[in-house]
Amino acid sequence: DQQVKQNSPSLSVQEGRISILNCDYTNSMFDYFLWYKKYPAEGPTFLISISSIKDKNEDGRFTVFLNKSAKHLSLHIVPSQPGDSAVYFCAASVRNQFYFGTGTSLTVIP
Amino acid sequence: DSGVTQTPKHLITATGQRVTLRCSPRSGDLSVYWYQQSLDQGLQFLIQYYNGEERAKGNILERFSAQQFPDLHSELNLSSLELGDSALYFCASSVGSGVKNIQYFGAGTRLSVL
């Protein structure tokens, strides 16, 4: 049972434009959400997180939006850079358990 | 470099065998987490240890076990291996035990069961 879903396996964006990565979840008890970035042959790297009591968190070029009523999470990257090309995983947590999506491969075209 | 070291990088073994994966956390980190990533799957949380004690348990099979030693390194033991256990196994570490602690991941151990 996949409680966290990333329905877009891949996304291509022009350099300088906005990248929007989406994530849906089913468990309304999730209280913390995270995004990780992963390059080939490396482990995931933490990017940004948000608590369920907030609807937006911003860190530089990265902003995470949480819509609890829709059970939807999104990551905005503005402006996108070629170095952002990676696989992005969203994750959610409840009671110290972590649930990850299957990832979206982002390609930023120079 | 995340500072988390996983050994070995690759492991090839046969069905029915037992293997041990090792993880050395970042200096100062007390929590260790284990994850499994099968082909085309997201990361599956297996288990978390904090300062030697089991802190949280996910979808870890009974054939799998883990422990964290006094020097804080951790081992994941996989026994009676099946073809479906072939996967990338990640270890992560964090300073504290709560979910808001940033987890730093190792590069993973790729297990192939033939």
Side-chain angles (χ1 to χ4, degrees), chain A residues 1-10 21-27 29-54 57 59 62 64 66 73 75 86-105, chain B residues 1-10 21 23-26 29-51 53-60 87-110:
Chain A
D1 178 26
Q2 193 72 19
Q3 298 192 43
V4 177
K5 296 179 182 178
Q6 293 177 259
N7 293 316
S8 297
S10 62
L21 296 102
N22 294 303
C23 180
D24 296 298
Y25 61 94
T26 57
N27 189 343
M29 299 300 292
F30 286 142
D31 53 15
Y32 201 67
F33 302 87
L34 311 96
W35 283 94
Y36 285 85
K37 178 170 73 172
K38 185 183 181 303
Y39 293 117
E42 295 182 11
T45 302
F46 170 78
L47 204 51
I48 192 168
S49 61
I50 187 168
S51 167
S52 61
I53 63 173
K54 296 188 175 182
N57 188 26
D59 184 2
F62 302 92
V64 56
L66 176 62
L73 187 69
L75 174 69
V87 177
Y88 289 78
F89 292 96
C90 67
S93 174
V94 58
R95 293 190 303 273
N96 264 35
Q97 303 267 340
F98 294 89
Y99 299 84
F100 280 72
T102 52
T104 296
S105 179
Chain B
D1 182 4
S2 67
V4 177
T5 304
Q6 289 188 248
T7 57
K9 287 189 175 8
H10 302 276
L21 312 184
C23 171
S24 294
R26 290 188 328 151
D29 284 0
L30 299 179
S31 272
V32 170
Y33 310 76
W34 285 99
Y35 294 87
Q36 178 194 55
Q37 185 182 20
S38 302
L39 193 62
D40 295 332
Q41 297 287 317
L43 279 75
Q44 300 284 327
F45 170 68
L46 297 178
I47 199 164
Q48 177 198 2
Y49 278 83
Y50 176 74
N51 204 19
E53 299 290 327
E54 183 181 303
R55 182 76 169 84
K57 206 166 187 175
N59 293 328
I60 186 166
L88 199 49
Y89 291 84
F90 287 105
C91 165
S93 73
S94 66
V95 172
S97 62
V99 296
K100 294 186 179 180
N101 286 273
I102 294 174
Q103 294 182 36
Y104 295 86
F105 282 77
T109 291
R110 183 170 295 282

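Reminder, nothing fancy here: chain letters follow the sequence lines and each chain counts from 1.
With rounding to the nearest 0.5 angstrom, the CZ atom of R55(B) is 4.5 Å from the CG atom of N96(A). To the nearest 0.5 Å, atom OH of residue Y99(A) and atom CG of residue N59(B) are 6.5 Å apart. Atom CG of L39(B) sits about 11.5 Å away from atom OG1 of T102(A), to the nearest 0.5 Å.
Both the backbone and the side chain of F98(A) come within contact range of chain B, each with at least one heavy atom under 4.5 Å from a heavy atom of that chain. Contacts of S93(A) with chain B are made by side-chain atoms alone, with heavy-atom separations under 4.5 Å and no backbone atom involved. Neither the backbone nor the side chain of Y104(B) comes within contact range of chain A, judged by heavy atoms closer than 4.5 Å. Using a 4.5 Å cut-off between heavy atoms, K100(B) touches chain A through backbone and side chain atoms alike. For E42(A), the part lying under 4.5 angstrom from a heavy atom of chain B is the backbone only.
Counted within 6.0 Å of CZ on R26(B), heavy atoms from surrounding residues, nucleotides or ligands total more than 12; the atom is thus considered enclosed.
Listed options Q103(B), Q41(B), Q37(B) were ranked by heavy-atom pairs under 4.5 angstrom with chain A; first place goes to Q103(B). When the candidates K57(B), Q6(B), R110(B), Q44(B) are compared by the number of heavy-atom contacts under 4.5 Å with chain A, K57(B) comes out ahead.
The heavy-atom pair separating G43(A) from F90(B) by the smallest distance is CA-CE2, 3.7 Å. Closest heavy-atom contact between A41(A) and A107(B): O-CB, 4.0 Å. The shortest heavy-atom contact between F100(A) and L43(B) is CB-O, 3.4 Å.
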